[in-house]
Amino acid sequence: MKHSGLSNQPKRDHSVVVPDFFGESQNLEVWQLGWDIDSKIEAKTSVSRKVFEYYVEYQRRNLIFYYVKDGNFYGIHSEECPTPVFIFKKDQSEKYPIDQLIGDTHDYADGETLFNVPCDQKVWDVVKIDGKSLEEVLQDSYIVNIS
């Protein structure tokens with residue numbers, strides 16, 4: 001009996017995390033949180049820290065994510081040293097959360113920089129959001145963009 005390659009994939013949890021996140025009746029669901037399968041494949045690991053290190057520390061790519069627990073968009077601008085970790089300003093006039101994100105990885109509100117991680121330290125080790133490690137935060141986040 002042959003099985004398709006997809007049989008090893010876990011079933012998607014379609015529980016709604018944020019209703020209307022992407023638009024009318026376009027919800028953010030549990031299965032969309034954390035690193036997506038393509039990111040894990042490219043990084044050649046499913047370990048969150050190693051995926052993060054691959055993109056942010058090794059490739060020096062910028063990361064934008066939406067942390068479900070507090071409803072904020074965060075950015076890590078890894079092209080700079082020290083590395084700023086910040087909260088994006090939001091356009092409150094937008095109805096849907098994904099549309100509230102303003103601009104790209106350079107557009108963050110003055111005074112909203114949470115950390116400037118020194119060049120000799122790892123972002124993963126330094127950054128805590130709401131008292132939680134990046135591992136905990138990213139598993140409860142929608143990763144918007146890696147650029």
Side-chain angles (χ1 to χ4, degrees), residues 6 8-119 121-147:
L6 298 176
N8 293 333
Q9 296 297 320
K11 291 189 179 191
R12 290 184 172 175
D13 183 345
H14 291 284
S15 302
V16 174
V17 179
V18 180
D20 301 328
F21 182 81
F22 299 102
E24 187 69 33
S25 299
Q26 297 177 26
N27 305 321
L28 179 62
E29 298 175 349
V30 170
W31 71 271
Q32 295 171 296
L33 301 180
W35 301 106
D36 66 16
I37 191 71
D38 291 337
S39 297
K40 292 175 185 178
I41 289 170
E42 184 177 334
K44 297 182 172 104
T45 183
S46 61
V47 176
S48 186
R49 179 185 185 120
K50 292 183 185 248
V51 176
F52 180 87
E53 288 172 346
Y54 174 78
Y55 286 111
V56 176
E57 293 173 6
Y58 175 70
Q59 290 193 344
R60 309 299 290 169
R61 291 168 75 181
N62 302 321
L63 180 69
I64 302 171
F65 58 93
Y66 176 84
Y67 184 38
V68 171
K69 302 283 187 199
D70 68 8
N72 285 311
F73 289 95
Y74 291 88
I76 299 173
H77 193 66
S78 66
E79 296 172 339
E80 295 181 14
C81 197
T83 303
V85 178
F86 51 89
I87 297 175
F88 278 92
K89 53 187 168 184
K90 293 199 272 188
D91 182 349
Q92 298 294 342
S93 68
E94 292 292 341
K95 182 176 180 182
Y96 306 112
I98 195 68
D99 295 330
Q100 293 175 358
L101 182 62
I102 297 175
D104 64 20
T105 57
H106 293 66
D107 296 330
Y108 50 96
D110 293 333
E112 293 297 333
T113 301
L114 303 173
F115 297 91
N116 272 309
V117 180
C119 302
Q121 295 182 17
K122 294 189 177 278
V123 172
W124 186 269
D125 296 334
V126 172
V127 174
K128 303 266 186 268
I129 296 175
D130 197 25
K132 296 185 183 327
S133 69
L134 271 180
E135 183 166 20
E136 293 172 285
V137 168
L138 289 174
Q139 73 185 9
D140 288 329
S141 294
Y142 173 69
I143 297 173
V144 177
N145 193 15
I146 304 170
S147 61

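Predicted, not measured: the structure shown is a model, and the values here were computed from it.
- Ring geometry for Trp31 against His14 counts as perpendicular: the plane angle is over 60°, on a 0 to 90° scale with 30° as the lower cut.
- Glu53 and Tyr58 share no side-chain donor-acceptor pair at under 3.5 Å.
- With contacts defined as side-chain heavy-atom distances shorter than 4.5 Å, the pair Val127/Val117 qualifies.
- The two atoms that bring Val126 and Phe115 nearest to each other are O-CE2, 3.9 Å, heavy atoms only.
- Contact check for Tyr142 versus Val18: no side-chain heavy atoms found under the 4.5 Å cut-off.
- Looking at heavy atoms from C-beta onward, Leu63 lies out of side-chain contact with Tyr55 at the 4.5 angstrom threshold.
- Across Pro82 and Cys119, no two heavy atoms sit closer than the pair N-SG, 3.8 Å.
- Between atom CD1 of residue Ile64 and atom NE2 of residue His77 there is a gap of 10.5 Å, rounded to the nearest 0.5 Å.
- More than 12 heavy atoms of other residues, nucleotides or ligands lie within 6.0 Å of NZ in Lys128, so this atom counts as buried by the packing criterion.
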Run the side chain to side chain contact (heavy atoms under 4.5 Å, CB included) check on Ser39 and Ile143 step by step: do they pass? CA-CA 10 Å; Ser39 297; Ile143 297 173; over 6 Å; no
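- Here Asn116 contributes atom CG and Cys81 contributes atom SG; the two are 10.0 Å apart, rounded to the nearest 0.5 Å.
- Looking at every heavy atom in both residues, Ser141 comes nearest to Phe65 through OG-CD1, 3.5 Å.
- Partners of Thr45 by side-chain contact (heavy atoms from CB on, under 4.5 Å), not counting sequence neighbours, listed by chain and number: Ala43, Val47, Lys50, Val51.
- Centroid-to-centroid, the aromatic rings of Phe86 and Phe88 come within less than 6.0 Å.
- A donor-acceptor pair under 3.5 Å links the side-chain atoms of Arg60 to the main chain of Ser78, judged by distance alone.
- Note: Phe73 and Phe21 have tilted aromatic rings, judged against thresholds of 30 and 60 degrees for the angle between ring planes.
- In this view, Lys132 and Tyr67, Glu136, Val137 satisfy the side-chain contact (heavy atoms from CB on, under 4.5 Å) rule, not counting sequence neighbours.
- Atom-to-atom distance recorded for Asn62:CG and Asn145:CG is 8.5 Å, nearest 0.5 angstrom.
- Between Val56 and Ile146 there is no side-chain heavy-atom pair separated by less than 4.5 Å.
- If you take NZ on Lys95 and CD on Gln100, they are separated by 12.0 Å, rounding to the nearest 0.5 Å.
- Across every non-hydrogen atom of Tyr96 and Asp20, the tightest pair is CD2-O, 3.2 Å.
- Distance alone, capped at 3.5 Å, is enough to place a donor-acceptor pair between the Gln32 side chain and the Glu29 backbone.
- Looking at heavy atoms from C-beta onward, Leu138 lies in side-chain contact with Trp124 at the 4.5 angstrom threshold.
- Contact check for Leu114 versus Ile87: side-chain heavy atoms found under the 4.5 Å cut-off.
- Screening Arg49, Gln59, Lys40 for a side-chain hydrogen bond (donor to acceptor under 3.5 Å, both in side chains) with Tyr54, the sole residue that qualifies is Gln59.
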Verdict with reasoning, Glu57 to Lys122, per salt bridge (charged side-chain N to carboxylate O under 4.0 Å, His left out): CA-CA 8 Å; Glu57 293 173 6; Lys122 294 189 177 278; 3.3 Å; yes
Before giving the answer on side chain to side chain contact (heavy atoms under 4.5 Å, CB included), spell out for Lys90 and Asn72 the whole-Å C-alpha distance, their side-chain angles and the decisive distance to 0.1 Å. CA-CA 8 Å; Lys90 293 199 272 188; Asn72 285 311; 4.0 Å; yes
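- Here the CG atom belonging to Leu134 is positioned 6.0 Å from the CD1 atom belonging to Ile129, to the nearest 0.5 angstrom.
- Closest heavy-atom contact between Val16 and Pro19: CG1-N, 3.7 Å.
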